[in-house]
Amino acid sequence: MIQNPILRGFHPDPSIVRVGDDYYIATSTFEWFPGIQIHHSRDLKHWRLLTHVLTRTSQLNMEGNPDSCGVWAPCLSYDNGFYYLIFTDVKSRLGAFKDTHNYLVTAENIEGPWSEPVFLNSSGFDPSLYHDDNGRKWLVNMLWDHRADRNNFAGIVLQEFSMELMRLIGERKTIFQGTDLKGTEGPHIYKRNGYFYLMTAEGGTWFSHAVTMARSKTIEGPYEVHPANPILTSAGRDELPLQKAGHGCLVETQNGEWAMVHLVGRPVKDVRCILGRETAIQRMEWTADEWLRVEGGGSAPHSEIREFQLPEHPFPPDPEVDHFDIDELGIRWNTLRLPPDSSWISLAERPGFLRLRGRESLSSTHRQSLIARRQEAVCCEAETELEFEPEHFQQMAGLILYYDTKDYVYLRISRDEKLGKCLGLVRSHQGNWEEYQDAEVSIEGAGRCKLKVVINAEHACFHYAVDGGEWRQIGPVLEILHLTDETTEAYGFIRFTGNFIGLCTQDLSGMRRHADFDYFRYTELGQQINHDGDSVKHTKEKTENLAKSYSEVSKLGDLLLNEATVRILEKHMPGISTNPMIGMAKGFTLKQLTGIPQANISSEKLHEIVSDLHSIEKQN
């Protein structure tokens, strides 16, 4: 079975394409650099982050872009030996106007190099390129109407694109005004059995979100709407674990099966989605009257679907620890609005350490010295160790949970006139700066300091350890629901990203004081946890439930956390718990390991292991 979402954490607005036996998904990145992530799969079940598209400022310069602007809704396609990527760079979004500049980049290889951008238009956002079988190419995008007495989402417009001239040509035509759901955006055109199908997102990227469809015999319309619209939505069904379902994109497998990828949100409390908008996949089918629907009927997104008729193809899991021992940042790291450069970041000046030079404040939309990765599990922890010698209170460095310039939680080292070198917990909550005075600790004389955060759904707890000493909790267990999109009550508008966990340095005096980070560890915990200063405690009930679904759900890393399950694994796979290479396999389930020859686990051995693991329940 395939478990949704397939791309966990902040991975919205998916666009999928198949080239031969390979599948690629492009997702929005907003103000984070590099722009546009590309994930790769060969079975539509297992995915790996493969590359990024926009990697240099000549392609994408977001300095000064407001929060939740930047790269919106990419469209990835392939035609005649070339990959095409259409995207919007949003420069402003609040109020009546939106400055939305649409561009095209191309590449012969999905991993690049990608071309310099070609400007297309600025009439709206969510552009998509359709390659007709007669050789013509067409751009569609939603049209933004700023006038007070009009529908701002003014419909879907179509215009031809000339490859010879590398620009749009001919008349811009409105081909679809949308349905009663309104908020018509995210258009994609498909052609099948003589029909042009126009798929759109409607209802707004909120809990009313939906996928709708219309069709026509000609690309310019008129389009008739699907009689069972919306074809996918979570609206009105609060019991569904996958909410906000919408913004879909279709792909046909090499075996004639159809799939739709789409965005979802998973609330951890009330309507708050800590991980942001994620990517899920559904099996689709065509009816006798040539309309598309979710396989089996209905319009609800499924948390679990049947696998496709494709050979299973897992990838090795990412290492949990980045030791900063190579000459460039790992693929999971992101910076804000601009790429990293040697003026503020170095992996070479002190080999084995990440050096960050402090620049502007966390309120800046220009030059922050911050690197971060997505939070991709509801329960996780992150840890680092750094050396930092601030000279005054304007110099800070540490570990951060970051949503945007208005909302973050920061465990930072600084200097205070009374405490000397000190460690403290601060946050920005809906734009309001807050300092936890009871959580200010003097660490005067300390050389190295470890920092850790443990995230348990809507709560986070921070810890520190000085010069190899014991872990100590600092500050209270914090609610972190402000690190979410769903802040309309506070701001009056929605946001579009998700929580990141990162490392950062500030020097508000302009002297660029540096901090050296030895490593960064990110560990997904997989179940609800108790916050504790020394360790993460798994409850007895959770341990007892480990015996269920071992082969297809529980990962090897989770099984190695429990003494009883370790004994069984050692019985069948001697040395498994002490093997120095085990870190590469911790993210695999036992069933996935049977497909890896080096693991040497046959189907028969898998059955024996699972039988013994199930005996744990019987003994308890």
A.B. asks: Step by step, would you call S299 with R237 a side chain to side chain donor-acceptor pair (under 3.5 Å)?
C.D. replies: CA-CA 11 Å; S299 59; R237 287 173 277 197; 2.9 Å; yes
A.B. asks: Hey, are T523 and E320 close enough side-chain-wise for a donor-acceptor pair under 3.5 Å?
C.D. replies: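 Per modelled atom types, E320 and T523 side chains form a pair under 3.5 Å.
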A.B. asks: In this structure, which one of L401, V477, V454 forms a side-chain contact (heavy atoms from CB on, under 4.5 Å) with F462?
C.D. replies: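 Of L401, V477, V454, side-chain contact (heavy atoms from CB on, under 4.5 Å) with F462 is met by L401 alone.
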A.B. asks: Can you confirm whether or not the ring centre of Y408 sits under 6.0 Å from the ring centre of H482?
C.D. replies: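 When the ring centroids of Y408 and H482 are compared, they turn out to be at least 6.0 Å apart.
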A.B. asks: Dump the intermediate steps for side chain to side chain donor-acceptor pair (under 3.5 Å) on H247 and T205, then the final yes or no.
C.D. replies: CA-CA 8 Å; H247 202 109; T205 186; over 6 Å; no
A.B. asks: Are R283 and E295 close enough for a salt bridge, meaning some N to O gap below 4.0 Å?
C.D. replies: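 Yes, R283 and E295 are salt-bridged.
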A.B. asks: Could you please spell out the steps behind the side chain to side chain contact (heavy atoms under 4.5 Å, CB included) verdict for F10 and W32?
C.D. replies: CA-CA 11 Å; F10 163 53; W32 291 96; 4.1 Å; yes
A.B. asks: Can you see whether N4 engages H302 through a side-chain donor-acceptor pair at a distance of less than 3.5 angstrom?
C.D. replies: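 Note: N4 and H302 side chains miss the donor-acceptor criterion.
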A.B. asks: Does a salt bridge link R521 with E381, judged by any charged N lying under 4.0 Å from a carboxylate O?
C.D. replies: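 Here R521 pairs with E381 in a salt bridge, since their nearest N and O are under 4.0 Å apart.
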A.B. asks: With side chains defined as the heavy atoms from C-beta onward, is the minimum distance between Y190 and C249 less than 4.5 Å?
C.D. replies: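 Yes, close enough: below the 4.5 Å cut-off.
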A.B. asks: Less than 4.0 angstrom from a charged side-chain N to a carboxylate O is my criterion; do K269 and E479 meet it?
C.D. replies: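 Looking at E479 together with K269, the answer is yes, because their closest N to O distance falls below 4.0 Å.
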A.B. asks: Please walk me through it: do E252 and R18 pass salt bridge (charged side-chain N to carboxylate O under 4.0 Å, His left out)?
C.D. replies: CA-CA 8 Å; E252 184 181 9; R18 176 177 66 85; 5.8 Å; no
A.B. asks: Would you mind reporting whether C273 and V268 have side-chain heavy atoms less than 4.5 Å apart?
C.D. replies: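 Result no, sub-4.5 Å side-chain heavy-atom pair not found.
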A.B. asks: Quick one about D485 and Y403 (side-chain donor to acceptor, distance below 3.5 Å, no hydrogens or angles considered), yes or no?
C.D. replies: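 There is such a pair (donor and acceptor under 3.5 Å, judged by atom type) between the side chains of Y403 and D485.
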A.B. asks: Using side chain to side chain contact (heavy atoms under 4.5 Å, CB included), reason through T212 and T184 one step at a time and then give a plain yes or no.
C.D. replies: CA-CA 9 Å; T212 55; T184 309; 5.9 Å; no
A.B. asks: Just to verify, which of H46, H40, H39 counts as forming a ring-ring contact (aromatic ring centres under 6.0 Å, His included) with F315?
C.D. replies: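 Single ring-ring contact (aromatic ring centres under 6.0 Å, His included) partner of F315 among H46, H40, H39: H40.
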A.B. asks: Is there a side-chain contact between F153 and M142, using heavy atoms and a 4.5 Å cut-off?
C.D. replies: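 In contact.
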A.B. asks: Are E278 and R266 close enough for a salt bridge, meaning some N to O gap below 4.0 Å?
C.D. replies: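 Judged by the 4.0 Å cut-off on N to carboxylate O distance, E278 and R266 do form a salt bridge.
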A.B. asks: For W291 and E224, which heavy atoms make the closest approach, and how far apart are they?
C.D. replies: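 Closest pair (atom of W291, atom of E224, distance): CH2-O, 3.6 Å.
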A.B. asks: For G296, does its backbone N or O pair with a side-chain atom of E285 as donor and acceptor, under 3.5 Å?
C.D. replies: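 Yes, E285 side chain to G296 backbone: donor-acceptor pair under 3.5 Å.
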A.B. asks: Donor-acceptor pair, distance only, cut-off 3.5 Å: does the side chain of N255 make one with the backbone of E257?
C.D. replies: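 Checked: no pair found.
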A.B. asks: For N109, I'd like to know if atom CG has over 12 heavy atoms of other residues, nucleotides or ligands within 6.0 Å.
C.D. replies: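 Buried by this count: over 12 neighbours within 6.0 Å.
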A.B. asks: Does R277 pair with D13 as a salt bridge, N-O distance under 4.0 Å?
C.D. replies: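 Looking at D13 together with R277, the answer is yes, because their closest N to O distance falls below 4.0 Å.
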A.B. asks: Write down the atom of I2, the atom of R306, and the distance for their closest heavy-atom approach.
C.D. replies: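 So the minimum-distance heavy-atom pair works out to CD1-O, 4.2 Å.
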A.B. asks: For F196, is the NZ or CZ atom of R215 found under 6.0 angstrom from the centre of its six-membered ring and inside 45 degrees of the ring axis?
C.D. replies: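 No.
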A.B. asks: Within 45° of the six-membered ring axis of F500 and under 6.0 Å from that ring's centre, is NZ or CZ of R373 located there?
C.D. replies: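 No, R373 and F500 do not form such a contact.
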A.B. asks: Answer yes or no: is there a side-chain heavy-atom contact under 4.5 Å between I25 and I6?
C.D. replies: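 In contact.
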A.B. asks: Tell me whether R495 is salt-bridged to D67, with the criterion being a basic N under 4.0 Å from an acidic carboxylate O.
C.D. replies: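 Salt bridge between R495 and D67, a charged N being under 4.0 Å from a carboxylate O: no.
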A.B. asks: Between E312 and R42, is there a salt bridge with N-O shorter than 4.0 Å?
C.D. replies: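 A salt bridge is absent here (no side-chain N lies under 4.0 Å from a carboxylate O).
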A.B. asks: Heavy-atom distance under 4.5 Å between the side chains of R272 and L483, does that happen here?
C.D. replies: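 Answer no - side chains too far apart.
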A.B. asks: Checking side-chain polar atoms at under 3.5 Å, does Q309 have a donor or acceptor matched by the opposite partner on T253?
C.D. replies: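 Checked: Q309/T253 side chains show no N/O donor-acceptor pair below 3.5 Å.
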A.B. asks: Checking side-chain contact (heavy atoms from CB on, under 4.5 Å) between T279 and each of I16, T27, L263, V264, which is the one that passes?
C.D. replies: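 Of I16, T27, L263, V264, side-chain contact (heavy atoms from CB on, under 4.5 Å) with T279 is met by T27 alone.
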A.B. asks: Less than 6.0 angstrom from the centroid, inside 45 degrees of the normal: does R293 satisfy that with respect to the ring of W286?
C.D. replies: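 The answer is no, since R293 fails at least one limit relative to W286.
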A.B. asks: Can you check side chain to side chain contact (heavy atoms under 4.5 Å, CB included) on S68 and V90, steps first, answer last?
C.D. replies: CA-CA 9 Å; S68 285; V90 179; over 6 Å; no
A.B. asks: For S41 and D43, indicate whether the former's side chain and the latter's backbone hold a donor-acceptor pair under 3.5 Å.
C.D. replies: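 Yes; at least one donor-acceptor contact below 3.5 Å.
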